[in-house]
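Letters A, B, ... mirror the listed sequences (proteins, then strands); counts begin at 1. Both backbone and side-chain heavy atoms feed into the values below; hydrogens, waters and symmetry mates do not.
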2 protein chains.
Amino acid sequence: MATGRTHRPATRSRGIPEATVARLPLYLRALTALSERSVPTVSSEELAAAAGVNSAKLRKDFSYLGSYGTRGVGYDVEYLVYQISRELGLTQDWPVVIVGIGNLGAALANYGGFASRGFRVAALIDADPGLTGKPVAGIPVQHTDELEKIIKDNGVSIGVIATPAGAAQQVCDRLVAAGVTSILNFAPTVLSVPEGVDVRKVDLSIELQILAFHEQRKSGEETPAGDGAVPAAVTPRDDSADQGPDGDVPAVMPA
Amino acid sequence: MATGRTHRPATRSRGIPEATVARLPLYLRALTALSERSVPTVSSEELAAAAGVNSAKLRKDFSYLGSYGTRGVGYDVEYLVYQISRELGLTQDWPVVIVGIGNLGAALANYGGFASRGFRVAALIDADPGLTGKPVAGIPVQHTDELEKIIKDNGVSIGVIATPAGAAQQVCDRLVAAGVTSILNFAPTVLSVPEGVDVRKVDLSIELQILAFHEQRKSGEETPAGDGAVPAAVTPRDDSADQGPDGDVPAVMPA
DNA sequence: CCATCTTTGTGCACGCGTTCACAAAGACAT
DNA sequence: ATGTCTTTGTGAACGCGTGCACAAAGATGG
């Protein structure tokens with residue numbers, strides 16, 4: 001999962017809990033699959049299984065949207081697809097810019113799911129002049145100098161940052177100044193943004209580290225509760241994690 | 001952020017809350033940056049600011065690891081880096097395989113942060129015979145047929161799935177059968193795994209949809225609480241979200 | 001050695017999210 | 001029309017996570 005949001009204490013925006021909002025896309029995906037198989041209705045039990053959640057949770061989630069089910073029958077698939085899409089704001093077109101066209105940026109540009117859900121890649125932006133004009137996923141890369149103009153001309157309000165960490169805050173500031181109010185950040189940095197701007201973060205490194213933690217737990221509980229046998233305190237430790245300046249490593253980028 | 005975990009009700013593994021574990025990598029990154037600037041100690045206030053969290057939360061998080069601070073002074077940077085690294089299991093080497101070498105898989109393979117934190121890309125695997133042998137990020141791609149052998153020969157316990165959604169479950173099953181017990185899934189599917197296997201999911205599409213929700217909230221509260229004016233219920237709606245079979249769209253993949 | 005000042009570690013309260021369990025609602029058969 | 005059966009919608013209880021606020025710990029200076 002991408003982690004974290006910034007600001008907005010616990011914005012139960014109109015009564016829809018944040019946790020529920022995070023699951024709506026999951027339901028939507030499952031429902032879309034059912035829709036394609038022309039399944040007319042689903043029970044909360046079936047849909048919950050498809051989405052990988054508890055059926056009680058699903059029903060409570062839907063209850064925040066309204067009473068869209070029929071007791072004894074279940075939910076009308078098409079109707080629910082529409083309601084969730086509308087609730088998520090997916091019935092309108094969202095122009096998006098991707099800044100930082102490295103390996104990851106290119107991967108994102110090629111992402112099929114982008115276009116298929118109301119999102120449209122309005123522009124690809126990179127600071128490397130050598131990239132300017134070169135088409136990626138059929139879209140010519142534009143230079144960072146054009147950033148403000150692109151945002152304004154296209155009415156972009158969602159930006160994706162796929163730059164190295166060192167450039168992320170600067171790019172973020174420019175995006176925000178130009179009018180972007182939602183940011184998806186792939187760079188391994190904590191972005192600071194003014195009130196009213198949403199930031200979501202996707203961090204591969206963190207996900208792997210969390211997995212490693214659980215993995216360590218599983219394979220042998222070595223050093224049961226070792227508070228005693230620690231190496232010299234202040235002296236520079238000799239173990240790993242010392243190589244690259246992690247703070248400057250691109251999220252997922254070329255070298 | 002990447003979302004979700006599977007199984008394990010709320011595994012407070014040895015008393016360390018899941019929420020805390022998820023923040024440890026954040027602290028570690030901030031600490032590493034300080035370490036590189038040769039800063040000897042930090043207060044909870046400073047470190048919290050750098051990591052983008054509340055200082056009380058940070059102190060409580062650290063309290064789960066032990067009493068590693070000095071009152072009136074703060075925390076010893078090097079010592080804390082070591083303790084967190086150890087807690088996360090980053091002092092050992094974790095061989096990782098990446099399955100599905102499309103745009104995203106390639107991006108992941110090139111990810112610098114991989115190697116710099118105890119993770120080592122042991123192999124790249126793809127089902128396309130045309131890719132077999134071709135080097136990506138300096139590592140030759142191997143064919144899916146070799147999957148089981150690769151896992152066993154290298155003692156791999158962490159697998160990354162970057163395949164199209166349609167192949168994800170099958171790949172997952174093979175990984176698990178071969179001995180993998182932690183999976184980072186980039187494919188937009190709910191993976192079902194046996195007890196004891198951890199799955200974390202990173203889903204770009206979901207992140208964007210969550211952003212869209214908040215974005216919609218911000219720009220004008222149109223249809224204030226519209227339960228009334230809905231389109232024909234069961235009839236196929238005419239709005240967007242109808243194009244691609246979303247369920248089969250690769251996470252972030254070539255066409 | 002004592003006073004002061006800084007900063008940690010944590011007890012406590014609060015709120016969100018999850019889950020259970022059941023009453024109400026409606027479909028369907030007779 | 002009535003009864004049965006399925007499935008929703010939700011009240012209530014519980015547990016986790018967060019943040020406040022403060023006492024204890026220790027550094028530092030006189």
Side-chain angles (χ1 to χ4, degrees), chain A residues 1 3-24 26-27 39-49 51-77 79-80 83 227 233-234, chain B residues 1 3-24 26-27 39-77 79-80 83 210 227 233-234:
Chain A
M1 117 209 135
T3 47
R5 292 183 57 249
T6 313
H7 289 295
R8 201 175 309 204
T11 313
R12 171 172 297 205
S13 291
R14 177 190 71 221
I16 301 183
E18 194 53 34
T20 295
V21 172
R23 280 188 295 266
L24 290 182
L26 227 52
Y27 302 145
V39 177
T41 60
V42 261
S43 68
S44 62
E45 203 71 49
E46 294 166 321
L47 186 53
V53 303
N54 181 303
S55 71
K57 194 186 297 187
L58 178 143
R59 285 199 301 276
K60 179 143 289 193
D61 283 343
F62 285 176
S63 77
Y64 291 115
L65 308 183
S67 284
Y68 295 151
T70 305
R71 299 179 189 223
V73 176
Y75 299 90
D76 181 278
V77 172
Y79 186 62
L80 205 46
Q83 289 298 344
D227 276 286
V234 190
Chain B
M1 108 183 179
T3 49
R5 292 185 55 249
T6 313
H7 288 297
R8 201 176 308 203
T11 314
R12 173 171 297 204
S13 290
R14 176 189 74 223
I16 301 183
E18 194 54 32
T20 295
V21 172
R23 280 188 294 267
L24 289 182
L26 227 50
Y27 302 145
V39 177
T41 60
V42 263
S43 68
S44 62
E45 202 72 47
E46 293 167 322
L47 186 53
V53 302
N54 181 303
S55 72
K57 193 186 298 187
L58 178 143
R59 286 198 301 275
K60 181 148 290 191
D61 283 341
F62 285 175
S63 79
Y64 291 115
L65 308 183
S67 284
Y68 294 150
T70 305
R71 301 181 188 221
V73 176
Y75 298 92
D76 182 278
V77 172
Y79 186 62
L80 205 45
Q83 290 298 344
I210 295 172
D227 276 288
V234 190

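No donor-acceptor contact under 3.5 Å links the side chain of A:R71 to the base of D:dT7.
Taking both residues in full, the closest heavy atoms of B:Y64 and B:G15 are given as CD2-O, 3.5 Å, listed atom of the first, atom of the second, then distance. Taking all atoms of both residues into account, the shortest heavy-atom contact from A:Y75 to A:R59 is OH-CG, 3.8 Å. Considering all non-hydrogen atoms of both residues, A:S63 and A:K60 come closest at OG-O, 2.6 Å. Shortest non-hydrogen contact noted between A:S55 and A:A48 is CA-CB, 3.5 Å.
Atom CD of B:E18 and atom P of C:dT18 are 14 Å apart (whole Å). Atoms CG (A:L58) and P (D:dT10) sit 14 Å apart, rounded to a whole Å. Atom P of nucleotide C:dG26 and atom OH of A:Y68 are separated by 16 Å, given to the nearest angstrom. Look at NZ on A:K57: it is 4 Å from P on C:dT18, rounded to the nearest Å. In this entry the distance linking OH of B:Y64 with C1' of C:dT10 reads 10 Å, nearest Å. The distance from atom CZ of A:F62 to atom P of D:dT8 is 10 Å, rounded to the nearest whole Å. One atom, CD of B:E45, and another, C1' of D:dA21, lie 14 Å apart when rounded to the nearest Å. The separation between B:L47 atom CG and C:dT8 atom P is 10 Å, rounded to whole Å.
The phosphate of C:dT10 (OP1 or OP2) has no side-chain N or O of B:K60 nearer than 4.0 angstrom. OP1 or OP2 of C:dT18 has at least one side-chain nitrogen or oxygen of A:R23 nearer than 4.0 Å. Contact annotation: B:S44 reaches the phosphate of C:dT8 (side-chain N/O to OP1 or OP2, under 4.0 Å).
Within the nucleic acid shown, A:Y75 comes within 4.0 Å of sugar-phosphate atoms alone, with no base atom in reach, counting heavy atoms only.
Listed nucleotides: C:dG17, C:dA21, C:dG26. Nearest to the side chain of A:A56: C:dA21. Ranking D:dT18, C:dT10, C:dT18 by closeness to the B:S63 side chain, first place goes to C:dT10.
In this structure, the ring of A:Y68 has its center less than 6.0 angstrom from the ring center of A:Y79.
The residue among A:T20 and B:G74 whose nearest nucleotide of DNA chain C is located toward the 5' end is B:G74. Along DNA chain C, the nucleotide nearest to B:G72 and the one nearest to A:A19 differ in position, and the one closer to the 5' end is contacted by B:G72.
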